[in-house]
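Right, one structure below, let's go through it.
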Amino acid sequence: GSTNAPSSGGVTTISLKVMVGGLNKQIYLPNMLAQRLGYFKDQHLDVTLIDEGSGQASEEEVVAGNVDAGSGAYVHPMVLNTQGKKIETICQFGIAPGEAEVVDASLSNITSAKDLKGKNLGVTDLGSGTHVLTQAILGSAGVDPTSAKYVAVGAGDTFIAAIQQKKIAAGMTTFPTISRLVNSGKGKILVSLLTPADTRAALGGDYPFIGVFAKNDWVNSNKDAAQRLVNAYVKTLKYMHSHTAAQIADQMPTDYYAGDKSSYVSDLQSQLAIFGTDCKMPSGGPETVQKIQQQFVSSFKGKSANLSETYTNELADKANA
Amino acid sequence: MSALGEQAVRTGPDLAGRRRREARRRQLNVIGGRVLVAVVILGGWELGARATVIDRFFWSQPSDIAATLWRWFTEGTDLGPLWLQVLVTMEETVGGFVVGSVFGVIFGVVLGRNRLLSDVLGPYIKGANAIPRVVVGALFAVSLGLDIKAKIATAAVLVFFVVFFNAFQGVREVDRNLIANARILGADDRRLTTEIIIPSALSWIVASLHTSFGLALVGAVVGELFGATEGIGELIYLSKNLFDTAGVFAGMALLAATALVAEALITALEDRLIRWRPPVATETRI
Amino acid sequence: MSALGEQAVRTGPDLAGRRRREARRRQLNVIGGRVLVAVVILGGWELGARATVIDRFFWSQPSDIAATLWRWFTEGTDLGPLWLQVLVTMEETVGGFVVGSVFGVIFGVVLGRNRLLSDVLGPYIKGANAIPRVVVGALFAVSLGLDIKAKIATAAVLVFFVVFFNAFQGVREVDRNLIANARILGADDRRLTTEIIIPSALSWIVASLHTSFGLALVGAVVGELFGATEGIGELIYLSKNLFDTAGVFAGMALLAATALVAEALITALEDRLIRWRPPVATETRI
Amino acid sequence: MTPAIELRGVTKRFLAPSGGIYTALRDLNFEVEPGEFCAVVGPTGCGKSTTLALISGLEPPSEGEVEVFGQSVGGIAEGIGYVFQSDAVFPWKTVLENVAAGPRYRGVSNRDARERARDWITRVGLAGFEDRYPYQLSGGMRKRVALAQSLINGPRILLMDEPFSALDVQTRTLMENELLNLWSATSASVVFVTHDLEEAISLSDRVFVITAGPGTVKSTYKVDLPRPRNVAEIRFQPRFVEIYEEIWKDLRDEVLVSYERQKRGAA
Amino acid sequence: MTPAIELRGVTKRFLAPSGGIYTALRDLNFEVEPGEFCAVVGPTGCGKSTTLALISGLEPPSEGEVEVFGQSVGGIAEGIGYVFQSDAVFPWKTVLENVAAGPRYRGVSNRDARERARDWITRVGLAGFEDRYPYQLSGGMRKRVALAQSLINGPRILLMDEPFSALDVQTRTLMENELLNLWSATSASVVFVTHDLEEAISLSDRVFVITAGPGTVKSTYKVDLPRPRNVAEIRFQPRFVEIYEEIWKDLRDEVLVSYERQKRGAA
Ligand SMILES: Nc1ncnc2c1ncn2[C@@H]1O[C@H](COP(=O)(O)OP(=O)(O)OP(=O)(O)O)[C@@H](O)[C@H]1O
Ligand SMILES: Nc1ncnc2c1ncn2[C@@H]1O[C@H](COP(=O)(O)OP(=O)(O)OP(=O)(O)O)[C@@H](O)[C@H]1O
Ligand SMILES: [Mg+2]
Ligand SMILES: [Mg+2]
């Protein structure tokens with residue numbers, strides 16, 4: 001819940017809890033950056049960022065009302081909508097997934113998504129976003145997604161170990177796992193979903209990924225707080241596009257690039273393009289996501305969400321005005 | 001009793017018969033009690049969910065869970081036929097259970113017998129016990145590969161400590177009179193261990209096995225976080241990621257059922273091994 | 001001994017003094033052994049890592065781990081000062097440990113005493129034991145909120161089963177002669193439980209506490225998977241996500257150290273509670 | 001007058017390891033009057049301890065009826081003291097706590113219970129050992145703790161299973177006299193199991209001889225020696241010797257039967 | 001000739017619960033010749049069991065020297081049989097397995113061990129009970145299992161701690177005779193603890209009387225009765241009665257000291 005306390009300036013400071021599905025992951029970077037830049041405080045918000053190991057749990061906590069807002073993939077509000085749980089994205093950071101299908105570099109015979117047919121493919125977890133995206137790139141390349149075998153390998157060192165041990169031929173993952181593999185020559189990027197352009201090429205449209213969402217009820221009854229939150233995020237996104245990766249990295253906690261700042265900066269450099277500038281949902285994005293869900297996720301087959309309930313650009317519009 | 005051809009007794013009703021009837025009534029009471037508990041829990045849950053006191057999104061409801069189980073049973077799961085998932089998880093679990101309890105017993109007995117060794121290694125083992133199994137699971141996945149070995153290892157680690165500490169204590173609880181007697185009778189270290197220490201510590205070890213099988217299942221499921229393509233754990237994770245709460249609970253129900261079958265086997269083993277005890281029949285009387 | 005003013009003995013060396021010296025030498029042996037084990041493990045690890053036999057990316061190396069610990073110690077961690085992380089995790093752990101073991105003992109004793117109840121509830125408890133704590137932790141995070149309650153609950157669940165099964169078995173192992181005697185002497189059910197059953201089952205219960213504290217730590221760390229902002233577990237996850245293997249191991253070292261401190265306390269408690277045993281001094285002799 | 005203890009046609013069977021049934025007592029009839037001191041003798045393994053277990057309610061009979069003060073026994077009977085054949089003192093209690101347990105269980109305040117316990121500890125000759133744990137006592141001392149533990153409750157029925165067998169003769173004589181004093185003051189009914197016929201006669205009003213094999217009462221003997229008795233002296237009275245000879249013949253036959261049978265191997 | 005057992009200036013102290021030290025044995029000197037049958041008598045709690053524990057090597061002396069066949073004892077001594085005062089049969093073994101344990105531990109084949117065990121089970125009068133577990137036996141039967149368990153090993157030194165105290169007189173006499181037969185055939189050295197002076201005299205070559213309090217040898221008595229003896233008859237020989245009277249006076253004083261002291265409360 002949110003508590004209000006009068007602050008010196010006459011504007012009440014609002015306390016908010018925001019749960020983030022992996023604070024230190026670069027695709028979630030605007031959360032911590034806004035905090036470090038003091039943009040929340042500027043809006044008289046006292047935001048607690050709560051780190052969360054797995055993505056889906058942050059949506060659940062939003063639904064359960066244990067936190068005010070969550071940061072995660074857009075697809076979750078959509079899925080929840082079909083189950084009667086109404087949460088909406090109020091700020092969309094990422095207009096591309098920021099993931100890539102990385103292939104074992106020693107497998108020279110795999111040169112495109114078509115060659116993944118019948119292979120073992122790594123995903124962080126069955127049913128997760130990486131699973132859906134992998135099926136989508138196969139489907140878009142004209143390969144039957146069910147012909148491949150999906151292996152839950154997590155992320156980080158277990159993913160790298162899976163490639164090394166030839167347990168998987170390729171897998172969907174993010175930075176810094178991507179750069180670890182590429183820099184060491186163990187892997188190379190087969191299909192990139194790292195920029196909007198690449199994503200459009202691979203999936204046939206924008207794929208809105210990480211954003212900030214809250215319950216529709218909460219947004220409606222806490223308009224002011226929601227607006228201030230979006231204001232802070234819009235300002236953060238603008239900051240990101242007006243500063244270099246190195247400058248942004250300087251703002252982040254040192255542990256985030258423990259010992260290896262240069263690779264952190266270069267990872268960030270190659271990722272900055274996935275971030276929007278205005279918190280708005282890219283037009284056509286929700287439809288692309290829904291189409292992919294309907295095609296590839298068996299439990300979503302035959303279902304459709306009321307897309308207009310799953311996001312709002314209203315707050316972003318005001319913040320940008 | 002009279003079938004034994006003994007003379008009829010002058011007075012008093014047939015107490016043996018009475019006690020047989022009592023035993024039968026007790027059996028019925030137990031079954032009735034179990035059913036009652038199930039009905040209260042499941043019924044309350046179902047009604048609560050229907051009355052929206054319980055949020056079905058988070059807690060599902062028994063009828064949905066049953067439907068999911070039925071679907072898995074008849075149509076198979078998303079990961080393949082149900083029996084395959086159960087089989088995979090069982091292999092990992094039994095492997096982990098066996099490896100973990102064998103090592104647990106060996107270490108427990110050896111350290112329990114050897115004061116110096118236990119003093120030296122004790123702190124390391126106790127410290128290691130505090131290391132989160134989820135992290136260990138990831139390390140195993142990295143070092144042992146992502147196949148069944150890593151899952152067995154994760155399950156084994158969970159089992160090991162529980163069995164170890166019990167076996168260790170069981171060994172130290174052995175009646176000193178009996179050890180003295182065996183020594184005097186000429187038992188060497190090996191005999192002492194196999195014929196005195198282990199039988200005497202057996203109820204300790206078996207008690208730990210009761211917890212252990214459940215823990216081995218848990219370990220196998222944790223192990224399936226990494227590098228799995230099938231298994232009950234994988235089924236649970238998949239359901240969870242799809243916000244299919246009924247699937248999550250159905251998976252847990254499968255685990256519970258598996259554990260109960262294993263429990264029955266362990267109990268049978270226990271009854272065989274500890275035949276030298278006074279029978280439990282009179283237990284209720286005192 | 002001679003300080004007691006007793007007359008000098010005719011023959012034989014001062015055996016008591018000899019045994020005192022032996023005890024001191026044993027103590028030195030133990031410390032030497034511990035250091036040796038540490039040196040072998042850590043030294044081998046360090047050398048292996050330096051010789052790239054061990055992949056530092058996956059396994060880090062002791063010097064890096066020590067450096068990380070030192071940095072946390074002197075500069076604080078990314079989540080705040082180190083003592084705060086330790087404190088947070090300790091609160092969760094101790095909470096879970098206390099709650100889990102209290103419930104474990106109560107259920108164990110009650111079910112151990114009551115045959116019908118244990119027959120009725122047994123299968124449910126055994127089944128519940130097989131439910132993966134990671135899943136349970138997520139359920140707690142949803143239903144109990146994201147504060148310390150959910151973490152305590154997760155830790156408590158891990159502890160509960162281990163303590164329960166041991167307390168249960170401990171109760172059933174109580175010497176039937178002693179129960180009979182207490183009954184005859186007029187003990188009612190309450191007295192029987194507090195004065196006979198529990199003291200007698202104490203070594204069982206205490207044995208389970210040895211495992212339990214470690215498990216409570218594990219539970220707290222698992223609980224920190226969900227909605228934590230600080231704690232040793234959070235530190236480990238953060239490090240893991242950042243490929244900072246040294247940080248992961250440093251976190252585990254912290255957990256191990258914490259467990260050892262708690263262990264020492266439990267052992268002290270044990271020695272106090274089980275004073276009525278023959279002293280362990282002669283244990284090595286038989 | 002209803003007898004204090006009555007066993008009517010009691011049979012007790014145990015499951016033998018082979019799965020068969022072993023009959024320990026067969027058709028046992030046995031009556032103890034209120035205030036009577038009875039001794040039970042018989043060859044080892046004849047079922048003496050089992051008989052006491054039946055009276056106390058610790059074991060149910062397989063057939064027949066056990067009554068205490070006219071009430072059918074269906075659990076631990078009230079007002080009973082029982083000195084077990086095997087060690088049953090509580091290892092985690094000191095001597096003082098062990099002896100004080102009974103009164104405390106019966107609602108006496110902690111202080112009073114300890115006071116009475118001290119008195120009893122002195123009576124059984126253990127003063128100064130109050131703070132010892134059982135493992136720190138000798139076999140005979142543990143037995144005396146058990147004795148004090150039972151007697152302190154002033155039971156109406158006192159079952160004693162070879163209580164003095166671990167004591168040296170002198171201590172034993174002292175304890176026997178102590179027991180007689182106590183008994184005459186309380187008029188409890190006593191069933192005293194012993195393998196020492198002298199002891200049986202010098203203490204009791206009546207001696208039951210139990211047969212070998214499935215135990216049953218072979219014969220009972222009235223001991224018509226005057227009370228109060230001094231057990232150290234009574235053995236030299238001619239009437240004592242007479243009674244002794246009489247019972248001894250009877251008993252010896254039984255013991256021989258038992259011994260021979262076991263030698264031949266009848267289970 | 002080196003004695004079979006020699007205790008020189010042995011003191012044994014225990015930690016008292018108060019933290020102080022309790023002296024169980026003080027400056028005990030004690031010698032048993034090879035093939036000699038010695039009995040030890042003394043008031044309860046005087047340290048008889050402790051003495052046996054020292055000889056067996058189960059307990060180390062606090063001061064002084066314990067030697068068996070000239071070798072200083074520093075652990076469980078070889079070739080010793082020990083019948084413990086308290087139950088020490090293995091509850092998870094049947095009677096047969098219990099008795100066969102010793103030979104098996106000493107390398108006899110399973111079959112032979114069982115055969116010998118059967119023989120011994122018959123000798124102690126337990127034929128037919130081979131398959132029983134200890135909880136299915138009476139107190140006296142368990143004691144006999146313990147006896148067979150020790151004797152089957154043919155020990156050179158036999159320590160017996162009140163082995164017959166749970167047996168009825170007749171069985172006891174039979175067992176005593178059996179013991180004497182066995183002993184004369186093997187010429188083992190026996191230390192026999194008992195609280196029954198008659199038993200002590202009728203069995204042994206020498207009787208040690210231990211003092212109350214911190215135990216030490218008060219006096220030793222040679223029993224110059226001819227062998228072979230029949231314990232049932234020997235008690236009626238005048239020389240027996242003489243010896244009895246002599247030792248009894250000595251012993252009674254000790255017992256009284258012990259009893260009085262305990263009554264006053266000296267720990
Ligand atoms: N639980 C049991 N299962 C099988 N047999 C038993 C059990 N308890 C006792 N018995 C048998 O019952 C018989 C009588 O035993 P009980 O203990 O009453 O003998 P007792 O007369 O007290 O002998 P003792 O003088 O040696 O103590 C014995 O043969 C014994 O083996
Ligand atoms: N572990 C111990 N700690 C303290 N005191 C002990 C310990 N063991 C024995 N004692 C004491 O030593 C003394 C001698 O004990 P021991 O068992 O040798 O007597 P005993 O002569 O065998 O007596 P009994 O005839 O009653 O068996 C007793 O006073 C006893 O309380
Ligand atoms: Mg008996
Ligand atoms: Mg003794």
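Protein chains get the first letters and strands the later ones, always in sequence-line order, with residue 1 at the start of each. Since this is a predicted model, take the numbers as computed values, not measurements.
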Taking the side chain as C-beta and beyond, is there a heavy-atom pair between B:Leu209 and C:Phe165 under 4.5 Å?
no
For B:Asp119, is there any backbone N or O sitting under 3.5 Å from a side-chain donor or acceptor partner on C:Arg34?
yes
Per-residue contact mode, B:Leu255 against chain C (heavy atom under 4.5 angstrom)
both
B:Phe249, part contacting chain C, at a heavy-atom distance under 4.5 Å
side chain
With respect to chain C, which residue among B:Gln169, B:His210, B:Glu263 yields the maximal number of heavy-atom pairs within a distance under 4.5 Å?
B:Glu263
Heavy-atom proximity to chain C below 4.5 Å, by part of B:Ala220:
neither
Ranked by heavy-atom pairs below 4.5 Å to chain C, first place among B:Ala207, B:Ala259, B:Pro123 goes to B:Pro123
Contact origin within C:Asn166 toward chain B - heavy atom pairs under 4.5 Å:
side chain
Contacting moiety of B:Val222, where chain C heavy atoms sit under 4.5 Å:
side chain
Considering only heavy atoms, which portion of C:Val135 lies under 4.5 Å from any heavy atom of chain B: side chain, backbone, both, or neither?
side chain
Counting heavy-atom pairs closer than 4.5 Å to chain C, which one of B:Phe58, B:Tyr237, B:Trp204, B:Trp59 comes out on top?
B:Trp204
Are B:Lys126 and C:Ile266 close enough that some pair of their side-chain heavy atoms sits under 4.5 Å apart?
no
Among side-chain atoms of C:Glu173 and B:Ser203, is any donor-acceptor pair under 3.5 angstrom?
yes
